[in-house]
There are 4 protein chains.
Amino acid sequence: MTQFQTRNPAYAQDVRESFARQGFMAHLGARLTAVSPGKVTIELPVSASLSQQHGFVHAGATTAVVDSACGYATLTLMPPHSEVLTIEFKVNFLAPAQGVKLIATGRVLKPGRTVNVCQGEVFGINETGEQKRCAIMTATILCR
Amino acid sequence: MTQFQTRNPAYAQDVRESFARQGFMAHLGARLTAVSPGKVTIELPVSASLSQQHGFVHAGATTAVVDSACGYATLTLMPPHSEVLTIEFKVNFLAPAQGVKLIATGRVLKPGRTVNVCQGEVFGINETGEQKRCAIMTATILCR
Amino acid sequence: MTQFQTRNPAYAQDVRESFARQGFMAHLGARLTAVSPGKVTIELPVSASLSQQHGFVHAGATTAVVDSACGYATLTLMPPHSEVLTIEFKVNFLAPAQGVKLIATGRVLKPGRTVNVCQGEVFGINETGEQKRCAIMTATILCR
Amino acid sequence: MTQFQTRNPAYAQDVRESFARQGFMAHLGARLTAVSPGKVTIELPVSASLSQQHGFVHAGATTAVVDSACGYATLTLMPPHSEVLTIEFKVNFLAPAQGVKLIATGRVLKPGRTVNVCQGEVFGINETGEQKRCAIMTATILCR
């Protein structure tokens with residue numbers, strides 16, 4: 001696993017403040033649970049308001065939390081006052097997203113001054129704590 | 001533009017009933033506005049509860065509506081009692097998603113018995129009715 | 001269809017010279033057949049040296065020509081002396097790539113100063129001239 | 001790392017025979033160098049006939065070898081007489097593909113009876129044996 005050096009001593013606080021401005025994360029009920037250089041974790045309690053037609057978590061909700069995780073993973077490595085922007089992402093859905101909560105992790109794979117490549121994954125956690133990977137993301141994040 | 005024949009006389013009603021079971025669409029405030037063979041349109045009024053940190057619509061919300069549009073576009077062409085499932089999608093974000101509402105359209109490009117390929121696009125509509133394309137999706141939808 | 005203005009009067013010659021430096025296009029037997037602002041077409045005669053295990057054209061060969069078409073479509077819109085670089089692409093394979101030749105077209109969907117989004121498609125042409133779409137690409141092309 | 005059980009005692013021989021039928025792999029000069037359950041490695045000596053306009057290996061050649069690696073990684077886990085088919089892939093290019101050879105590895109991430117998800121990566125190896133990751137792939141492989 002690559003170890004990254006951050007160029008922003010306040011990276012964790014900056015990520016938390018930016019996350020708090022994402023009205024959509026609050027609307028979903030998502031929580032930022034871990035921030036380290038190049039890696040961010042977001043948890044999403046599962047509820048009926050996130051469901052698709054079969055009762056599983058909607059692909060869009062799953063995607064939202066792992067996209068935020070990848071974007072903020074990138075932000076941890078950027079100079080202060082940077083902004084990150086998702087250019088594109090691809091998600092493969094490996095299993096139905098279900099359980100009591102989802103845990104989404106975003107990791108920077110290839111940092112760059114402007115173009116960053118991240119990999120994300122989402123696990124569904126059931127009542128006994130078992131986890132099953134339900135989605136993977138590859139995202140290209142622009143920094144400016 | 002390809003013209004598709006549906007094999008399900010009740011395709012529009014089936015799509016509307018399935019959409020109504022998607023708790024997430026209601027939670028977003030999304031509305032199903034058009035259903036025809038191989039093509040579905042969903043509108044999403046823009047509100048602060050959908051925002052990312054800069055005030056634009058979060059990529060996850062944009063993705064959610066165009067994913068549902070692609071899935072239901074596929075369902076219109078399937079035999080009665082079919083189920084659709086997103087295997088994977090890729091989204092490119094072309095411009096900030098903003099305005100008074102987003103209009104997401106999903107179209108079947110290549111129908112198949114099990115594997116279907118759809119293309120989606122999302123436009124932001126401003127107060128004077130001008131529209132700007134903000135995202136495109138390519139999705140692989142499994143039918144069973 | 002969007003009409004693009006080029007900022008390089010010698011765009012067609014520049015594309016042709018760059019194409020001629022791609023040893024891989026010569027090795028495949030690919031030919032640059034049309035260059036216009038924001039759109040480039042490349043033809044690939046089908047031969048056994050391009051085959052995968054079932055006798056169809058290998059996905060990698062199909063991808064190579066449509067990637068070059070997308071990259072050069074971007075180059076037509078760039079200032080003189082620009083360089084283009086593929087950041088990422090996604091390809092969906094819709095049908096076996098076969099026939100007497102493949103025709104790959106790349107089009108710029110969203111031009112930008114640094115980040116450009118292109119869409120490509122590949123058709124297989126049979127002996128009687130019928131064409132069948134076998135692949136679509138979405139590519140993000142960096143310009144510098 | 002997941003350990004996979006193969007259902008085909010002759011999986012390695014079957015992969016080698018199928019690879020030998022890929023005219024395109026021979027045309028590129030690619031060699032199958034390792035086959036194990038759920039994982040396949042292909043090496044590609046770098047030559048001018050694989051180049052793009054700047055002298056690096058063309059994205060299409062890089063893609064071709066990692067696509068074959070992913071397809072054959074899937075085949076190792078399938079029953080005898082199965083066929084694999086790439087539905088779609090996405091590739092991110094992380095660094096110029098260069099060196100004396102490329103090493104492409106495909107791994108099955110999520111096996112399935114019909115739909116399989118693989119991850120691939122490509123490294124460029126220089127004259128002193130140093131390796132640098134130049135591309136990653138996520139591929140959806142259909143089996144029948």
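All chains are named by letter (A, B, ...) in the order of the sequence lines, taking the proteins before the strands, and each is independently numbered beginning at 1. FYI, side chains are in, hydrogens and waters are out, and symmetry mates aren't considered; it's all heavy atoms of this structure. Fair warning: this is a prediction, and the values are worked out from it, not measured in the lab.
A distance of 7.0 Å separates OG1 of C:T138 from CD of B:Q119, quoted to the nearest 0.5 Å. Considering NZ of B:K90 and CZ of C:F89, their distance stands at 11.0 Å, rounded to 0.5 Å.
With contacts defined as side-chain heavy-atom distances shorter than 4.5 Å, the pair C:E121/B:L109 does not qualify.
Environment of CD in B:Q13: sparse, with no more than 12 heavy atoms of neighbouring residues, nucleotides or ligands closer than 6.0 Å.
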